[in-house]
*Asks:* 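Got a structure for you, written out below as C-alpha cells; questions coming shortly.
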Number of protein chains: 2
Amino acid sequence: MPSQPTEPTQPSAELVDMLVQSAFTTMAVLTRIAAAHDLSLTQLRVLGILRDRQVRMTELADYLGLEKSTMSGLIARAQARGLVQRVPNPTDGRAVDVRLTAVGHELANRAATRVAAELAPSTAGLSANEQRRLAGALHRTIS
Amino acid sequence: MPSQPTEPTQPSAELVDMLVQSAFTTMAVLTRIAAAHDLSLTQLRVLGILRDRQVRMTELADYLGLEKSTMSGLIARAQARGLVQRVPNPTDGRAVDVRLTAVGHELANRAATRVAAELAPSTAGLSANEQRRLAGALHRTIS
DNA sequence: TATTGTTATACTCTATAACTATA
DNA sequence: TATAGTTATAGAGTATAACAATA
C-alpha cells in the first residue's frame, strides 16, 4: 500500500546531503573490502565488471570514465597478479579483450560476497515495503 | 501518512546493488565537480569539512580515514594554492589547526552550490513524501 | 584518416618508517 | 612515554602527448 501521493518538489538540501553521505559510507565499505583483498577500488570495479563478461580496453575505460592509457597500467598490474588475461579481439585486430582468470574469478566472487554481507545490515532494518521504495528511489537517482 | 508497516526482511541483492550503483553515480558527480575546480575528490571533501569549522590535522585524517602523513601532503598542496591556512592550536603546542582562507571559502561555496545543483535533479522527481522517506532510509544506511 | 592500444612522462594520492617537538 | 605532525621514500592511480598497428 503506497503512501499518500504528494506533488514533486525541489529536493531539500538535507536529502542531497544524505545522498552524499550515503555514497561516502558505501564507498568506504567498498574501499575497505578492496583493500582487504589487496585491491584498489578501481581494480575491484574492474573485477566486478568482468565477472559476467569479457570487454575491450576502451569499453572498460569508457565505463569507468578513465583514459585508455590509465586502463593499460591498471590491467597490466592486474595481469601481473594473474587476475586477468588479455586476449586478441577476434573481429578487430586493433582491439584487446580483457577477461578474468580462474584466480580472478574466485577473488571477484569472494569480494562480491563480502560486499553483500557488509552492506546488507545497513538496510536490514527496513521493511520489505521500504526496501522496495528505497530501491525505486535510488534507481531514479542513477539514470 | 506513512505506508502500511511491514516486517523487516533480508535486503535483496538488488537493493545492495542499487546502493552501490547510486554511490558510484554520486561519486562520479562529485569527482567531476571537483575536477572542474581543479580539485581532487579528497580536497573537495576537506573544503567541505572546513566550511563551518576549524579542525586539527589528526581529526581531519581520522574523519577521512587517511594517515596523518597523507594529510600533511594534502594540506601542503592546498596551502600552496592559498585555499587553507595552518594555525597553531592555542591549547596544545603539538597540534596544528587547519582552516579555510577567504579564497578557500569562496571555492568551497561555489563547489557546494554546484553539487546541490547537479544532484538535485536526480531526486527532483520524487514527491515531498518520498523525499522524506528516502532521506530517512539513507540516514539509516549511514549509521 | 580514424581508431585501438601502448609507452613515456609527470603529478597526485596514499602508506610506512624515521624523525622532531610537545605533553 | 605517548601523541601530533613532518619528511623521506616508494608504489598505485591518473592524465597528456607521442607513437605503432589496424580499420
*Asks:* Rounded to whole Å, how long is the line connecting atom CD of A:Gln79 with atom P of C:dT7?
*Replies:* 11 Å
*Asks:* Heavy atoms from C-beta onward define the side chain here; which of D:dA2, C:dG5, D:dG5 lies closest to that of B:Ser72?
*Replies:* D:dG5
*Asks:* Please pick, from C:dT6, C:dT14, C:dT4, the nucleotide with the shortest atom-to-atom distance to any side-chain atom of A:Asp92.
*Replies:* C:dT4
*Asks:* Does A:Thr70 reach a base, just sugar-phosphate, or nothing at all? Heavy atoms under 4.0 Å.
*Replies:* base
*Asks:* By nearest nucleotide on DNA chain C, pick out whichever of A:Glu59 and B:Leu39 is the more 5' one.
*Replies:* A:Glu59
*Asks:* Can you tell me how far C1' of D:dA4 sits from CG of B:Leu66, to the nearest Å?
*Replies:* 16 Å
*Asks:* Within this structure, what is the CG-to-P distance between A:Asp38 and C:dT14, rounded to whole angstrom?
*Replies:* 17 Å
*Asks:* D:dA15, C:dT16, D:dA2: which one has an atom nearest the side-chain heavy atoms of B:Glu67?
*Replies:* C:dT16
*Asks:* In whole Å, what is the span from the CD atom of A:Gln43 to the C1' atom of D:dG11?
*Replies:* 12 Å
*Asks:* Roughly how far, to the nearest 0.5 Å, is the CE atom of A:Met57 from the OG1 atom of A:Thr70?
*Replies:* 10.0 Å
*Asks:* Examine the base of C:dT16 for any acceptor or donor lying under 3.5 Å from a partner atom in the side chain of B:Ser69, and report the outcome as yes or no.
*Replies:* yes
*Asks:* Under 3.5 Å, is there a donor-acceptor pair between the side chain of B:Ser22 and the main chain of B:Met18?
*Replies:* no
*Asks:* So which nucleotide from D:dA4, C:dT12, C:dT4 ends up closest to the side chain of A:Arg94?
*Replies:* C:dT4
*Asks:* Look up atom CG in A:Leu47 and atom NE2 in A:His105, then write down how far apart they are to the nearest 0.5 Å.
*Replies:* 9.5 Å
*Asks:* Would you indicate what B:Asn89 reaches in the nucleic acid, counting non-hydrogen atoms under 4.0 angstrom: base, sugar-phosphate, or nothing?
*Replies:* nothing
*Asks:* If you round to the nearest 0.5 Å, how far is CD1 of A:Ile33 from CZ of A:Arg114?
*Replies:* 5.5 Å
*Asks:* In whole Å, I'd like the distance from the CE atom of A:Met57 to the C1' atom of D:dT22.
*Replies:* 16 Å
*Asks:* Write down the distance between CG (B:Leu74) and P (D:dT6), rounded to a whole number of angstrom.
*Replies:* 12 Å
*Asks:* Let me spell it out: for each of B:Arg86 and A:Gly65, pick the nucleotide of DNA chain D with the closest heavy atom. Which residue's pick is nearer the 5' end?
*Replies:* B:Arg86
*Asks:* To the nearest angstrom, how far is A:Met71 atom CE from D:dG13 atom C1'?
*Replies:* 11 Å
*Asks:* Hey, could you give me the CZ/CG distance between A:Arg51 and A:Leu107, rounded to the nearest 0.5 Å?
*Replies:* 10.5 Å
*Asks:* Rounding to a whole Å, what distance do you find between B:Lys68:NZ and D:dT3:C1'?
*Replies:* 7 Å
*Asks:* If only side-chain N and O atoms of A:Arg56 are considered, is one of them under 4.0 Å from the OP1 or OP2 phosphate oxygen of C:dT4?
*Replies:* yes
*Asks:* For A:Thr42, answer base if it contacts any base atom (sugar-phosphate contacts may also be present), sugar-phosphate if it contacts only those atoms, and nothing otherwise; contact means non-hydrogen atoms under 4.0 Å.
*Replies:* sugar-phosphate
